[in-house]
Amino acid sequence: MLLSLPVVYLFRTNIGLAAWFVGVAVWVTSRKTESLFGAPPNDLWAWVLLLLAVPAFVTRLREDARGYGFLLASTALALAAAFSLGQTDDLGARSFWRCSFAGYWSVVYLVGIVSWRGWSQPRPHPFVGAGWIGILSLGVFLSFQASWRTRQWQNAVDLVPRHFPDLLAGGIQVAWVAAAIAFAAYALWKHRHLNLAPAAFAPAVVAAWAVSKTSANPVAAALVVNLFLLAVGILTLLRGIRAGRVYEANLGMVVVAILAIARFFDSDLEFVIRGVAFIAIGLGFLVTNLVVLKRKARA
């Protein structure tokens, strides 16, 4: 990979840049040791490999930020960073992976919605789509009580690593959370008209993590995440209805529907009650689309 790095800079190719990021992801995932979740300390070099290509990435960003080649390279960068963070979480504070990934997907979403806020393509920017998928996937997983039941909660605090690689990994974990909160504050100050509700994911997960660490209560932690997802769904739904955007209104309904379905698997409700709830969700989609279409017709 190091021998191929000059190709990225000499030929200034998006495909070469994307291949470099994919190579980083392959390298870091192929270094698994005795188990799927094992990570040797020198896996932290993945971040150095990613940083080596950042100047080329910035150059391509300035030249062709909307080209399909650059979008491919951007998507490869997002995936490579996600794989690298997964390995870093194995070295740092292991229970803190929930917070670090919440911060990571929040940053991805914010980069897409703020940096490409004038995106005019029919589909949302890949970073916005990836951010939504990451936030919803992790959020639904953390909305289950079982996701907060783990032996690691027996330790008082696991944010004090004993060795330098562990300390560095813990710093990277905290850095992603800090970056997400700082970026969200900046977006709230400069771009209040954007849908910034998903950007509150990192603080919500940190709050749930703190509740679990202090009280060892998985119910309270899951409740925090459930309330966050419900708020995001409702706010996105209302934004879509007010602005007359069908896709945004449906996205809000999808968030609420996914949360409701997840609770069906996490509870002992009767079959009839679940069927009625599914019918209610379907009617909700129908009514939402009718309201949005009527607003668009009046406009």
Side-chain angles (χ1 to χ4, degrees), residues 101-144 180 183-184 187-188 191-205 207-208 222-267 269 273-299:
F101 263 108
Y104 173 75
W105 290 120
S106 298
V107 168
V108 171
Y109 174 78
L110 285 169
V111 168
I113 199 172
V114 172
S115 300
W116 281 275
R117 57 186 179 277
W119 184 258
S120 59
Q121 301 292 337
R123 297 181 181 85
H125 189 272
F127 273 23
V128 177
W132 265 111
I133 293 173
I135 290 172
L136 283 180
S137 300
L138 182 58
V140 171
F141 174 76
L142 295 180
S143 69
F144 288 90
F183 201 170
L188 185 62
H191 309 287
R192 295 185 179 180
H193 62 284
L194 300 175
N195 185 10
L196 300 177
F201 187 45
V205 175
L223 179 61
V224 172
V225 179
N226 276 278
L227 291 176
F228 164 78
L229 290 178
L230 181 61
V232 168
I234 293 175
L235 290 174
T236 304
L237 173 63
L238 294 177
R239 278 179 54 87
I241 293 176
R242 291 172 182 171
R245 290 190 289 265
V246 177
Y247 75 92
E248 191 170 7
N250 282 328
L251 179 59
M253 281 299 303
V254 166
V255 175
V256 176
I258 291 176
L259 184 63
I261 293 172
R263 298 289 66 78
F264 292 156
F265 292 102
D266 200 24
S267 60
L269 297 176
I273 297 178
R274 298 184 184 187
V276 172
F278 274 114
I279 294 174
I281 292 173
L283 291 175
F285 273 102
L286 179 61
V287 171
T288 299
N289 282 273
L290 288 175
V291 171
V292 174
L293 291 175
K294 284 184 178 181
R295 281 180 173 266
K296 291 183 68 176
R298 291 174 183 175

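Because the structure is a prediction, the values reported are computed rather than measured. When a residue number appears, it is its place in the shown sequence, counting from 1.
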Engineer: Can you list every ring-ring contact (aromatic ring centres under 6.0 Å, His included) pair that touches residues 235-254, not counting sequence neighbours?
Structural biologist: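 Of all non-adjacent pairs touching residues 235-254, none passes ring-ring contact (aromatic ring centres under 6.0 Å, His included).
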Engineer: Show me the pairs that pass salt bridge (charged side-chain N to carboxylate O under 4.0 Å, His left out) and involve residues 246-260, at least two apart or across chains.
Structural biologist: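 Residue pairs passing salt bridge (charged side-chain N to carboxylate O under 4.0 Å, His left out), neighbours aside: R239-E248, R245-E248.
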Engineer: Find out whether V225 and F141 are in side-chain contact, i.e. whether some heavy atom of one side chain is under 4.5 Å from a heavy atom of the other.
Structural biologist: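 SC-SC contact between V225 and F141 ruled out.
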Engineer: Under the rule for side chain to side chain contact (heavy atoms under 4.5 Å, CB included), what residues qualify as partners of A197, not counting sequence neighbours?
Structural biologist: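 If we apply the side chain to side chain contact (heavy atoms under 4.5 Å, CB included) test to A197, skipping adjacent residues, the hits are N195, V232, L235.
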Engineer: Given I258, which of V255, V254, I261 fulfils the side chain to side chain contact (heavy atoms under 4.5 Å, CB included) condition?
Structural biologist: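 Single pass found, and it is V254.
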Engineer: With sequence neighbours left out, what residues match A180 under side chain to side chain contact (heavy atoms under 4.5 Å, CB included)?
Structural biologist: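 Only S106, V107, A202 meet the side chain to side chain contact (heavy atoms under 4.5 Å, CB included) criterion with A180.
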Engineer: Would you name the heavy atoms of L138 and A102 that are closest together and state the gap between them?
Structural biologist: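 Answer, listing the atom of L138 first, then A102: CD2-N, 3.7 Å.
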Engineer: Nearest heavy-atom pair of S143 and L229: which atoms, and what distance?
Structural biologist: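 Reported closest heavy-atom pair: CB-CD1, 4.5 Å.
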Engineer: Which atom names give the shortest non-hydrogen contact between L237 and A249, and what distance separates them?
Structural biologist: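 Reported closest heavy-atom pair: CD1-O, 3.4 Å.
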Engineer: Any non-hydrogen side-chain atom of L259 less than 4.5 Å from a side-chain atom of N226?
Structural biologist: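 Answer yes - side chains close enough.
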Engineer: What are the two closest heavy atoms between G112 and V128, and how far apart are they?
Structural biologist: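 Scanning both residues, the minimum pair turns out to be C-CG2, 3.4 Å.
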Engineer: Identify, with sequence neighbours excluded, every residue that meets side chain to side chain contact (heavy atoms under 4.5 Å, CB included) alongside V108.
Structural biologist: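 Applying side chain to side chain contact (heavy atoms under 4.5 Å, CB included) to V108 gives Y104, W105, F127, A130.
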Engineer: Applying salt bridge (charged side-chain N to carboxylate O under 4.0 Å, His left out) as the test, list every pair that has at least one member in residues 126-142; sequence neighbours left out.
Structural biologist: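 As it turns out, there is no salt bridge (charged side-chain N to carboxylate O under 4.0 Å, His left out) pair with a partner in residues 126-142 once direct neighbours are skipped.
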Engineer: Just do the side chain to side chain contact (heavy atoms under 4.5 Å, CB included) check on T236 and W132 with the steps written out, would you?
Structural biologist: CA-CA 12 Å; T236 304; W132 265 111; 3.8 Å; yes
Engineer: Could you pull out all residues at least two apart from I234 that satisfy side chain to side chain contact (heavy atoms under 4.5 Å, CB included)?
Structural biologist: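 I234 satisfies side chain to side chain contact (heavy atoms under 4.5 Å, CB included) with L230, L238 only.
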Engineer: What is the minimum heavy-atom distance between L110 and A184, and which atoms define it?
Structural biologist: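 Residues L110 and A184, closest heavy atoms: CD1-N, 3.6 Å.
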Engineer: For the residue pair V205 and F228, establish whether any side-chain heavy-atom pair is separated by less than 4.5 Å.
Structural biologist: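 Sidechains of F228 and V205: no contact.
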Engineer: Restricting to non-hydrogen atoms, name the atom on Y109 and the atom on G131 that form the minimum distance, rounded to 0.1 Å.
Structural biologist: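 Y109 and G131 have their closest heavy atoms at CB-CA, 3.9 Å.
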